[in-house]
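Inspection log for the structure reproduced underneath, given as structure tokens.
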Amino acid sequence: MPNLSMLKIIARETLARERMERTPEPSLVMDDEDQVRAYVAAGRETGVMAPTYVFHGANISDVIRPGDCVLDLACGPANQLALVARLNPDVSFVGIDLSSAMLVQAEALIKAQGLSNVSFQAGDITCLSAFSDCSFDAVVSTLSLHHLPTIEMLQQTFVEASRVLRPNGGIYITDFSRLKVRSSIEYFAYQYRNKQPLLFTQDYLNSLLAAFTLEELKAAALPLMGQATLSSTWLVPFMASLKSSIRQPANPKLHARFQELIQALPTCHQTDLADIIRFFRMGGLKSGLLV
Ligand SMILES: C[S@@+](CC[C@H](N)C(=O)[O-])C[C@H]1O[C@@H](n2cnc3c(N)ncnc32)[C@H](O)[C@@H]1O
């Protein structure tokens with residue numbers, strides 16, 4: 001049952017006639033050292049983003065299978081990528097990002113975790129000219145599209161993702177989507193302000209203000225729409241995911257690993273994860289690895 005604050009947001013978002021304008025991210029590529037450090041900390045096992053990474057990690061795992069080569073668009077410090085790579089050791093991953101500070105963090109994390117199935121390249125997700133057509137079995141991306149300055153660049157990213165993906169490949173591309181009312185956006189941004197550095201709260205607010213709308217994401221994702229479905233959190237679409245059909249064969253070991261990850265989360269993050277699962281399920285997206 002949604003809490004009172006959520007009920008108010010649902011009412012405001014449902015009744016609002018107009019939507020606030022987009023404010024593009026002040027720093028398009030995340031190269032500022034303090035900002036990178038705050039983002040890295042928030043994504044580690046007990047950080048505020050941990051439940052989100054478990055949720056998206058399960059959905060990514062659904063669309064990949066052993067032997068695959070997977071491209072992660074704008075991998076950042078690889079918090080998400082490391083989690084998925086650790087749980088899917090028979091899959092190889094390539095992470096690309098434009099920020100050298102992020103790639104330094106990503107390399108360090110992969111090394112610290114002893115993972116040998118991940119490599120990184122500096123690259124722009126709007127122009128994947130380093131990769132030939134149909135060169136990946138799956139393309140994934142988490143929480144990054146809002147960094148793109150324009151809708152044209154968003155469209156270009158989907159055109160490129162579609163070009164490098166082989167036919168019937170796996171897709172899981174997720175990001176925030178922009179709500180209508182500023183106070184709804186502020187609720188999500190400030191929800192955990194006491195548990196995270198101020199810089200991360202500001203970064204989160206900027207992300208939500210810079211997010212594309214669900215309609216914009218749907219229109220841009222057209223090149224992949226025949227192979228995937230776009231879903232969002234129910235009634236308050238502050239997160240949206242484009243997911244292809246499941247490609248992972250039944251894998252009880254992987255299911256057990258996700259259950260262990262959930263149990264290892266602090267109680268407050270388990271509650272957050274349950275909310276994300278519920279709101280996405282009501283919006284049409286679920287993963288059997290999380291139940
Ligand atoms: C909020 S972080 C998300 C990182 C990671 N995917 C995650 O889920 O934690 C966004 C990342 O997008 C990167 N980025 C922004 N624009 C980019 C572009 N055009 N090409 C490649 N990376 C880009 C930034 O440098 C940053 O690392």
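Both counts, for ligands and for their atoms, begin at 1 and track the order of listing.
In this structure, the ring of Phe176 has its center less than 6.0 angstrom from the ring center of Tyr204.
Contact annotation: for Ala78 versus ligand 1, there are no heavy atoms closer than 4.0 Å. Contacts of Leu148 with ligand 1, taken as heavy-atom pairs under 4.0 Å, involve the side chain alone.
In terms of polar-atom proximity, Gln80 is not counted as a contact of ligand 1, lacking any N or O under 3.5 Å from an N or O of the ligand. Backbone and side-chain nitrogen or oxygen atoms of His146 are examined, and none is located within less than 3.5 angstrom of a nitrogen or oxygen of ligand 1. The N/O atoms of Pro77, backbone and side chain alike, include none that comes under 3.5 Å of an N/O atom in ligand 1.
No hydrogens or angles considered: a donor-acceptor pair under 3.5 Å links the side chains of Ser207 and Glu25. Ser184 and Glu13 are linked by a side-chain donor-acceptor pair at a separation below 3.5 angstrom, with hydrogens and angles left out of the test.
Distances below 4.0 Å separate heavy atoms of His147 from the following atoms of ligand 1: 1 (C), 10 (C), 15 (C), 16 (N). Using a 4.0 Å cut-off to heavy atoms of Gly76, the atoms of ligand 1 that qualify are 4 (C), 27 (O). Close contacts of ligand 1 with Gly123, meaning ligand atoms under 4.0 Å from a residue heavy atom, involve 20 (N), 21 (C). Near Cys75, with a cut-off below 4.0 Å to any heavy atom, the atoms of ligand 1 are 4 (C), 5 (C), 6 (N).
A salt bridge is absent between Glu215 and Lys218: the closest approach of a Lys/Arg side-chain nitrogen to an acidic carboxylate oxygen does not fall below 4.0 angstrom. Salt bridge status for Glu186 with Arg182: present, with a side-chain N to carboxylate O gap under 4.0 Å.
Judged by the 6.0 Å and 45° rule, Arg178 forms no cation-pi pair with Phe212.
Among Val140, Thr142, Leu217, Leu242, the one residue that satisfies the side-chain contact (heavy atoms from CB on, under 4.5 Å) test with Thr174 is Thr142. Put simply, the residue from Asp68, Asp62, Asp137 that forms a salt bridge (charged side-chain N to carboxylate O under 4.0 Å, His left out) with Arg247 is Asp68.
One option in Tyr204, Tyr53, Phe176 has a heavy atom closer to atom 9 (O) of ligand 1 than any other, and that option is Tyr53. Of the candidates Leu128, Asp124, Leu98, Leu98 brings a heavy atom nearest to atom 22 (N) of ligand 1.
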